[in-house]
There are 2 protein chains.
Amino acid sequence: MRDDANYCDSSISAGGVRAATQRLAGHIVRTPLIENERLNEIAGGRVLLKAEPLQRGGSFKLRGAYNLLSQLSPAPRARGVVAWSSGNHATGVAIAAKEFDCPAVIVMPADAPAIKTENVRALGAEIVFYDRYGDDREAIAAAIGEERGMAIVPSYDHPHIIEGQGTVALETVEQAGDTAIDRFAICCGGGGLTAGCATILEDVAPGAEVWIAEPEGFDEAWASVKAGERLTADITQKTICDAIATPTPGRLTFPILKRRVSGGATVTEAAVRHAMAFAFRHLKLVLEPGGAAGIAAVLAGEIPTQGVTTAVTLSGGNVDPALFASILRDGENPS
Amino acid sequence: MRDDANYCDSSISAGGVRAATQRLAGHIVRTPLIENERLNEIAGGRVLLKAEPLQRGGSFKLRGAYNLLSQLSPAPRARGVVAWSSGNHATGVAIAAKEFDCPAVIVMPADAPAIKTENVRALGAEIVFYDRYGDDREAIAAAIGEERGMAIVPSYDHPHIIEGQGTVALETVEQAGDTAIDRFAICCGGGGLTAGCATILEDVAPGAEVWIAEPEGFDEAWASVKAGERLTADITQKTICDAIATPTPGRLTFPILKRRVSGGATVTEAAVRHAMAFAFRHLKLVLEPGGAAGIAAVLAGEIPTQGVTTAVTLSGGNVDPALFASILRDGENPS
């Protein structure tokens, strides 16, 4: 991970998450917290779902991107920003850049879902493709940043990104009102959302356990927490959970994960597909695979939900129609 | 339409809608009001979407059903209720009956979407099938009501149903806050939702025009308003908009429609399919065909939206996976 003293520091705090909420007001959607009777029955407890597919750009990613861009000084911001992303962070950065009227270059894998490249292009950002199985995306982004004088917007390992994503948990706790959250389950890639949520939860819901859900083969975050050091997944593996197929927890996110994450669930591709079909049928929400990992873990019994209240992030809904259609065809057994 | 002096009167009022809101509190979801930048761009104005697919049972229908059942006397209610419906009203009645712990019989067309019959059955209601192209569903329901001493819960032509559905518009106006709604577009079948919304809008947003959206071939409500008398559609026609394929406006709903509806839009099946694909891609919401008629009319330019604020009901999301998959496959041209 690249260090850049100009816009990076390691102080990540609940206060920073609160400040992010102020900055984001009017620029993001305060997404609804949803509850479903069928899911509660299956879980044997209350499950509260934070519906970030309804966010601008179809995932939570605008929160961190907007929080970072809003804190860049006007002159460097005017030169533009560069980011690498499989798509959701790309869209978040592109929306934020459009609001601040600055150029954005996004380094995206050549096999990113079409819906994500279309989203980014429609927002006026420039896309540079790389080969997910060979190229070094960070080096490509760094070279572009150097050449064009653009600020890099990391997808998770930056205090302002982490604090922006943490607003998901702050809203969830506020929306839950008098209902105490016992467990907070988060779809986890590089750990930006998890670290931000864990940071604010420590302040507003200290009794809530933080759990992470990861796809099979990319469950290195929980493995890292257990090992006490950052382990690396083989990113050449195929997965439908493109949004959270990250190689390793971040330099900044990992210490927070290590201190605050109580449990991890690994979900199979079949469990993710089932969860997406469940959300179609019972929630009427479109989830993308990576955004369905948390609810998949609940449905598969990989996160203990019996007799407690569990909050779950539904973190995104940008899925290609053909994949979604294939999941509906397979998932015809009603549940 | 059957008259029954025991539970039917013709006084439908804004006060009745407000009272319904009190009765429904804690039993229904206050569904979010959603706005989407792409849709606003296409519409050339602000479009506020009331997301009733996120309602319990996947459509607005619980509102009216619960409002009616809660006003039945305990003794007759305990004997149970009977309703006829293609599915959404059936689900609403079944949920309400379950909450009041009374039996429910639903008369459903043999060709109702499987997702709807499964919903009803899972809620513990009994289903009696009829042939949509031959049998008289009202006569079947009346006979069951007579035989078992059950109260009939009409799908739209009852003051308590109409007033319950009207809570959709009251919430919408409250959620819109300082934003004045110029036009309120409603998916229209028998007119229960339209009549309820029109009644409360007259009180809380008297400047808002009421528009209805109907599927091709079943656009007899607007035709009736224009003609000044209740016309009848040929219900043997096929349509994917099963939820709003009703033969004629109701005895109670029509006078309200005639007085309050300013415009009507007819949407083709292609426009409905396009709207469902749009909602998948940009809203991350699952809409059923009948529930997509309003947004389909906006996308097709059949409702004037330029420079004004238009509220649109997304009235339900109970669609069979196979149909939804086929729509995703056809709608691959990004919009």
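On a predicted model such as this, the values are computed, not experimentally measured, just so you know.
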Checking [X] against chain B: side chain, backbone, both or neither under 4.5 Å from a heavy atom?
{"X": "A:Val29", "value": "neither"}
{"X": "A:Pro53", "value": "both"}
{"X": "A:Asn36", "value": "neither"}

Pick whichever of B:Ala122, B:Gly58, B:Ala325 has the most heavy-atom pairs under 4.5 Å with chain A. B:Ala325

side-chain contact (heavy atoms from CB on, under 4.5 Å) test vs B:Pro321 passes for just one of A:Asp330, A:Leu328, A:Ile327, namely A:Leu328

Of all residues at least two apart in sequence or in a different chain, which pass the salt bridge (Lys or Arg N to Asp or Glu O under 4.0 Å) check with B:Arg56? A:Glu37, B:Glu99

Going by the rule salt bridge (Lys or Arg N to Asp or Glu O under 4.0 Å), which residues pair with B:Glu171 if we only count those two or more places apart in sequence or in a different chain? B:Lys50, B:Arg63

Working to the nearest 0.5 angstrom, can you tell me the gap between A:Arg38 CZ and B:Asn119 CG? 7.0 Å

About how many Å separate CG of B:Leu54 and CG of A:Leu283, when rounded to the nearest 0.5 Å? 8.5 Å

Whether B:Phe324 and A:Phe324 hold their rings parallel, tilted or perpendicular, with breakpoints at 30° and 60°: perpendicular

Indicate yes or no: at least one non-hydrogen side-chain atom of A:Leu285 is less than 4.5 angstrom from one of B:Leu285. yes

Closest heavy-atom contact between B:Phe280 and A:Val319? CZ-O, 3.5 Å

Electrostatic pair B:Glu118:A:Arg281 at N-O distance under 4.0 angstrom: yes

